[in-house]
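Below you'll find the structure, written out as structure tokens, and then a few comments.
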Amino acid sequence: MGYETFWREIKPFCLIMLPREKCDADIANGVTDEETVLYVMKNLARMELASILKLEWRIDIPMMSVH
């Protein structure tokens with residue numbers, strides 16, 4: 001999902017996150033790049049949605065046992 005699509009898709013959820021205007025300004029001023037902003041914002045959205053929906057966290061890394 002790209003930057004524009006991300007903002008369009010999360011709008012209906014009314015998430016409390018950094019405003020797009022701040023993110024756009026940081027990119028325009030060279031403070032950060034679009035890829036980094038998108039990575040951070042996707043993770044913030046994931047965490048907030050998981051909290052709102054009361055989802056349990058899963059560990060994606062297989063557990064290994066040492067004998």
Side-chain angles (χ1 to χ4, degrees):
M1 174 184 314
Y3 189 76
E4 292 296 326
T5 305
F6 170 78
W7 290 107
R8 187 172 51 250
E9 294 295 324
I10 67 161
K11 190 172 185 165
F13 296 99
C14 300
L15 302 177
I16 300 170
M17 301 189 332
L18 289 171
R20 179 177 179 167
E21 295 76 21
K22 165 76 170 125
C23 296
D24 289 347
D26 285 349
I27 294 167
N29 293 327
V31 174
T32 189
D33 58 82
E34 188 175 293
E35 183 180 341
T36 302
V37 171
L38 185 57
Y39 177 80
V40 171
M41 296 307 291
K42 281 181 178 180
N43 279 293
L44 290 173
R46 178 180 57 87
M47 289 187 297
E48 186 168 347
L49 284 169
S51 176
I52 290 167
L53 299 171
K54 298 183 183 2
L55 300 175
E56 292 184 29
W57 289 104
R58 280 191 319 215
I59 298 175
D60 293 341
I61 303 168
M63 297 304 254
M64 298 174 57
S65 63
V66 178
H67 299 281

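Remember, predicted model here, so these are calculated numbers, not experimental data.
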Exercise for the section: Can you see which heavy atom on W7 is nearest to which on C23, and at what distance? Expected result: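 Taking every non-hydrogen atom into account, CZ2-SG, 3.9 Å.
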
Exercise for the section: Write down the atom of F6, the atom of M1, and the distance for their closest heavy-atom approach. Expected result: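 Smallest interatomic distance, heavy atoms only, reads CA-SD, 3.3 Å.
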
Handout entry: Short side-chain to backbone donor-acceptor contact, E34 and I27, under 3.5 Å
Key =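 Answer holds: no.
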
Practice task
Answer yes or no: is there a donor N or O on one side and an acceptor on the other, between the side chain of N29 and the main chain of V31, under 3.5 Å?
Solution key: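 It does not hold such a pair.
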
Practice task
Please determine, by modelled atom types, if Y39 and D33 share a side-chain donor-acceptor pair under 3.5 angstrom.
Solution key: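 Their side chains do not contain a donor-acceptor pair, so the 3.5 Å distance test is not met.
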
Problem - Neighbour count above 12 (heavy atom, 6.0 Å) for K42 NZ - result: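 More than 12 heavy atoms, drawn from other residues, nucleotides or ligands, come within 6.0 Å of this atom.
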
Problem - Whether over 12 other heavy atoms sit under 6.0 Å from I16 CD1 - result: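 Open.
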
Handout entry: Residue pair D24 / E21, side-chain heavy-atom distance below 4.5 Å
Key =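 Counting from C-beta outward, D24 and E21 never come under 4.5 Å.
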
Handout entry: Passing option when V40 is tested against L38, V37, L44, N43 for side chain to side chain contact (heavy atoms under 4.5 Å, CB included)
Key =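 It is L44, the one option of L38, V37, L44, N43 that forms the side chain to side chain contact (heavy atoms under 4.5 Å, CB included) with V40.
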
Problem - Distance (rounded to the nearest 0.5 Å) between M47 CE and I52 CD1 - result: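 If I round to the nearest 0.5 Å, the distance is 12.0 Å.
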
Practice task
Starting from the C-alpha separation in whole Å, work towards a yes-or-no answer on side chain to side chain contact (heavy atoms under 4.5 Å, CB included) for I10 and M17.
Solution key: CA-CA 10 Å; I10 67 161; M17 301 189 332; 3.4 Å; yes

